[in-house]
Amino acid sequence: MNDDTLDILHRDAADPLAGFRDEFLFPRGPDGREVAYFTGNSLGLQPRAARSLVEQELQRWAGLGVEGHFRGEVPWMDYHAALREPLAELAGALPHEVVVMNTLTVNLHLMMVSFYRPTAERPAILIEKHAFPSDRHAVESQVRFHGFDPATALIELEGDGPGGTLTMDGIARALDAHGHRIALVLLPGVQYLTGQRLDLGAIAPLAHRKGCVVGYDLAHAIGNVPVDLHASHADFAVWCSYKYLNGGPGAIAGCFVHERHARTPRPRFAGWWGHEAATRFRMGPDFVPAPGADGWQLSNPPILAMAPLRAALAQFQRAGLARLREKSIAMTAFLAAQVRARVDRVLEIRTPDDPTQRGCQLSLRVRGHRDEGRSLHEWLEREGIVVDWREPDVIRAAPVPLYNRLADCARLVDAVEAWSKTR
Ligand SMILES: *Cc1c(COP(=O)(O)O)cnc(C)c1O
């Protein structure tokens with residue numbers, strides 16, 4: 001064992017958050033060892049506590065039937081409210097500004113029903129050119145739904161910075177040029193392809209000054225970087241819970257509505273669970289929306305889907321996002337430094353170098369022909385290193401502070417180096 005390896009092991013052992021790693025279940029690689037898992041940006045690992053919380057609800061269902069709605073430590077009637085505080089902390093929101101419901105794309109549509117109100121003078125949506133396809137499909141279909149033409153009513157922001165990143169100047173220029181026509185600005189907290197983190201607190205006021213509504217997609221930001229939704233003044237935000245939040249495959253998602261819209265007269269799609277809780281069970285014909293984000297709920301929520309998220313959010317509360325972020329900044333800087341020092345011939349880092357402009361993910365472009373990238377990705381798979389591949393040539397690796405450690409990062413770079421020696 002050389003000095004560098006020892007140093008890495010010492011630093012991992014000294015990490016005050018090291019114990020959280022044991023609270024997760026790791027898949028095993030081809031050699032039977034636990035994998036080095038770098039795809040928490042795609043599906044976070046399973047917290048061990050998830051199973052017992054799910055089993056607890058199955059048990060309550062078995063033993064209580066319908067009474068489970070009203071009895072027990074967290075009756076099903078109040079289950080979504082038990083997730084509210086921890087989620088509000090992660091989102092930098094007031095508790096009544098957030099709600100757990102549906103899935104990301106569903107929530108995006110529900111938010112657009114209320115917050116995308118195009119007119120002939122102001123029909124457009126501003127979105128990044130390389131937005132996640134689901135967001136792109138959602139906005140395009142909303143534009144068409146309102147009778148407008150995406151060719152003119154969808155304004156795509158081209159990445160004008162290094163590695164295809166977005167610059168504040170570019171965003172400001174687009175708003176100067178088109179702001180008067182833009183009804184809605186929809187941008188990500190962290191861009192899924194480049195790993196770039198945007199300055200949400202700066203973008204919303206800029207767009208508001210042009211009279212636009214602002215929505216954020218935090219799929220790659222929530223649980224990864226601090227977001228201060230309330231202070232950012234965004235009108236709404238949506239996110240999923242299966243990436244950095246470790247809520248499980250297809251987990252129930254989250255939604256933020258700024259408190260100034262808590263009692264908005266804007267139209268919305270309604271369901272009984274969005275009805276004011278105190279009078280919901282009078283079962284009257286008139287819809288009285290619950291104030292705050294709760295008022296956008298449609299159905300009574302899926303308890304079995306919420307149980308794993310409850311386990312996962314409790315971990316975030318114990319670890320604390322500030323401490324996680326501190327570790328995350330150091331770990332991603334370590335990975336970036338290792339990549340530059342040892343495999344610069346193979347990989348080009350596409351993610352901004354400034355830690356304030358990224359989360360934990362590094363997007364690594366494989367130099368050379370596309371086949372080189374596929375070959376490297378397959379090599380890593382065989383080595384039990386789980387990263388993901390984005391066409392045409394990008395490997396994304398996300399060292400997650402809850403369960404990754406420096407030794408994982410070193411293992412990744414060791415494997416890339418070993419592969420490069422076979423070429
Ligand atoms: C992961 C992700 C989605 C996925 O949408 P679902 O509705 O959860 O399937 C959408 N948008 C972005 C930006 C994402 O990163």
Side-chain angles (χ1 to χ4, degrees), residues 38-45 83 87 90-91 98-113 115-116 125-142 154 156-157 159 164-166 184-198 200 203 214-225 227 229 234 236-256 269 296-299 301-302 305-306 308-309 312 350-351 358-363 386-391 394-398 400:
F38 289 103
T39 44
N41 56 353
S42 193
L43 179 67
L45 288 178
L83 304 178
L87 203 56
L90 292 178
V98 299
V99 65
V100 168
M101 60 181 191
N102 313 311
T103 46
L104 188 160
T105 308
V106 173
N107 289 342
L108 181 55
H109 275 298
L110 291 177
M111 288 293 100
M112 284 196 282
V113 165
F115 294 104
Y116 172 54
I125 299 180
L126 179 73
I127 187 169
E128 340 103 87
K129 174 110 194 251
H130 297 287
F132 194 94
S134 197
D135 300 46
R136 159 98 207 185
H137 302 328
V139 298
E140 187 172 330
S141 62
Q142 286 273 340
L154 209 56
E156 295 177 305
L157 201 53
T165 52
L166 302 168
L184 171 68
V185 171
L186 180 70
L187 287 173
V190 171
Q191 218 283 341
Y192 84 104
L193 266 181
T194 62
Q196 178 191 15
R197 177 194 190 197
L198 295 182
L200 304 185
I203 292 168
V214 178
Y216 289 137
D217 185 327
L218 302 185
H220 282 260
I222 193 96
N224 175 19
V225 296
V227 280
L229 279 178
F236 71 85
V238 293
W239 57 86
C240 55
S241 308
Y242 47 81
K243 293 172 181 167
Y244 295 103
L245 291 189
N246 310 320
I252 187 164
C255 188
F256 162 91
F269 283 173
W296 275 266
Q297 294 173 101
L298 297 180
S299 303
M306 287 197 291
L309 184 58
R350 279 305 188 81
T351 307
R358 67 184 181 201
C360 70
Q361 171 188 323
L362 290 184
S363 301
V386 186
V387 292
D388 75 10
W389 172 252
R390 283 288 174 273
E391 295 291 348
V394 172
I395 281 176
R396 301 185 309 168
V400 168

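Basis for what follows: all heavy atoms, side chains included, without hydrogens, waters or symmetry-related copies. Whatever order the structure lists them in is the order used to number ligands and atoms, beginning at 1.
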Closest heavy-atom pair, Asn107 versus Cys255, reported as atoms and distance to 0.1 Å, is ND2-CB, 4.1 Å
Under 4.0 Å to a heavy atom of His220 - the qualifying atoms of ligand 1, by number: 15 (O)
Using a strict 4.0 Å cut-off to heavy atoms of Asp217, name the atoms of ligand 1 that fall inside it. 11 (N), 12 (C), 13 (C)
Indicate yes or no for a side-chain donor-acceptor contact from [X] to the backbone of [Y] under 3.5 Å, with no hydrogens or angles considered.
X	Y	answer
Ser363	Thr351	no
Ser141	Ala138	yes
Gln196	Leu166	yes

Any N or O of Lys243 closer than 3.5 Å to N or O of ligand 1: yes
Between Gln191 and His220: side-chain donor-acceptor atoms closer than 3.5 Å: no
Among Phe236, Phe256, Tyr216, ring-ring contact (aromatic ring centres under 6.0 Å, His included) partner for Phe115: Phe236
Under 4.0 Å from ligand 1, counting heavy atoms only, is it the side chain of Asp135, its backbone, both or neither? side chain
With backbone taken as N, CA, C and O and side chain as the heavy atoms from C-beta onward, which portion of Thr105 lies under 4.0 Å from ligand 1: side chain, backbone, both, or neither? both
Considering only the protein, which heavy-atom contact is closest to atom 3 (C) of ligand 1, and what is its distance? Phe132 CE2, 3.4 Å
Closest protein heavy atom to atom 8 (O) of ligand 1, given as residue, atom name and distance to 0.1 Å: Tyr242 OH, 2.6 Å
